[in-house]
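In what follows, a single structure is set out as structure tokens and then discussed.
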Amino acid sequence: NAGVTQTPKFQVLKTGQSMTLQCAQDMNHEYMSWYRQDPGMGLRLIHYSVGAGITDQGEVPNGYNVSRSTTEDFPLRLLSAAPSQTSVYFCASRSLGTEAFFGQGTRLTVV
Amino acid sequence: AQSVTQLGSHVSVSEGALVLLRCNYSSSVPPYLFWYVQYPNQGLQLLLKYTTGATLVKGINGFEAEFKKSETSFHLTKPSAHMSDAAEYFCAVSESTGGFKTIFGAGTRLFVKA
């Protein structure tokens, strides 16, 4: 019963590098989302998906891309990392009428 | 559009005292409301949720919250604070009618003094 699994847990990038944060869920949830957490700002929605092949932007989408080719997976891509993207990233999944289930987070530092 | 306002970024109480964390929301349709807790360097754990039915909702660890539609509030309370309650607490809202997005407040850090 894994729930929501995020990898990696920690990552250090140099400015301009690209990388993909992985997220997988085994609960057959339709909805998946990515948040970033910064001190004093709570969790801000980056991108979300309501099903395979369907994605949309959240509150802070700039600098990030997503795709949803399967129900289970929802990777987040940083195309050209910037120091402003230093943050803790959380992936979440849910079904309609249920709460969001969160992964353990990825702590990203961009130097 | 939905939004959540948590009053007070930091709240400090003595052990054994009442805990009250305030949350007001905005939603154009009937909301689903949630409280999550986050311990240091961990993910978010659901404390309690309101979807439909009884407006007073009980959660884990002795916490409860009351949905007040007229006040657009969903405040979190616990009668007697314990040292282990020290954490960050997030209020969140999502739409009940087909909406999937969950929007979070900025969080309230609870300190418990011995």
Side-chain angles (χ1 to χ4, degrees), chain A residues 2-7 9-10 21 23 25 27 29-52 54-61 66 68 71 74 87-108, chain B residues 1-11 21-26 29-53 57 59-60 65 74 87-109:
Chain A
V4 180
T5 303
Q6 287 183 239
T7 57
K9 288 186 169 51
F10 301 93
L21 307 185
C23 176
Q25 54 97 2
M27 296 173 283
H29 286 164
E30 307 95 320
Y31 179 76
M32 296 184 74
S33 54
W34 277 102
Y35 293 87
R36 59 177 289 172
Q37 183 179 21
D38 302 290
M41 305 191 75
L43 279 78
R44 291 181 291 168
L45 184 63
I46 304 172
H47 285 286
Y48 65 98
S49 168
V50 299
I54 306 170
T55 64
D56 205 347
Q57 296 180 352
E59 304 164 274
V60 288
V66 293
R68 182 101 178 264
T71 300
F74 190 46
S87 187
V88 181
Y89 292 84
F90 287 99
C91 178
S93 74
R94 64 176 290 213
S95 284
L96 190 63
T98 72
E99 68 273 22
F101 292 81
F102 284 84
Q104 287 301 299
T106 296
R107 188 174 295 272
L108 175 68
Chain B
Q2 308 147 275
S3 66
V4 176
T5 301
Q6 291 184 239
L7 298 176
S9 58
H10 296 85
V11 170
L21 305 183
R22 300 179 186 274
C23 172
N24 288 90
Y25 70 91
S26 171
V29 299
Y32 289 160
L33 296 160
F34 309 89
W35 276 100
Y36 286 85
V37 61
Q38 184 182 38
Y39 298 101
N41 299 314
Q42 294 190 22
L44 278 76
Q45 178 185 2
L46 182 72
L47 269 180
L48 50 78
K49 63 181 178 182
Y50 167 79
T51 54
T52 58
V57 179
I60 62 172
F74 192 56
E88 189 153 23
Y89 293 80
F90 294 94
C91 181
V93 63
S94 66
E95 293 180 349
S96 61
T97 53
F100 279 98
K101 286 194 292 184
T102 303
I103 302 300
F104 285 79
T108 298
R109 184 164 295 279

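Quick note on labels: first sequence line is chain A, next is B, and so on, each numbered from 1. Heavy atoms only: backbone and side chains are in, while hydrogens, waters and symmetry mates are out.
Ring geometry for B/Phe104 versus A/Tyr35: interplanar angle over 60°, hence perpendicular rather than tilted (30 to 60°).
Scanning both residues, A/Met32 and A/Ser93, for their nearest heavy atoms gives CG-CB, 3.9 Å. Pairing each heavy atom of A/Tyr89 with each of A/Trp34, the nearest pair is CB-CZ3, 4.0 Å.
In this structure, chain A has heavy atoms under 4.5 Å from both the backbone and the side chain of B/Leu44. With a threshold of 4.5 angstrom between heavy atoms, A/Leu45 approaches chain B through side-chain atoms but not through N, CA, C or O. Residue contact with chain B, scored on non-hydrogen atoms closer than 4.5 Å, is absent for A/Gln6. Contact annotation for A/Arg44: neither backbone nor side-chain heavy atoms come within less than 4.5 Å of a heavy atom of chain B. Only the side chain of B/Thr51 comes within less than 4.5 Å of a heavy atom in chain A; its backbone stays farther off.
Side-chain atoms of B/Gln38 do not come within 3.5 Å of backbone N or O of B/Phe90 as any donor-acceptor pair. Judged by distance alone, with hydrogens and angles left aside, the side-chain atoms of B/Tyr36 form a donor-acceptor pair with the main-chain N or O of A/Ala100 at under 3.5 Å.
Put simply, of A/Ser33, A/Pro39, A/Gly42, the one with the most heavy-atom pairs under 4.5 Å next to chain B is A/Gly42.
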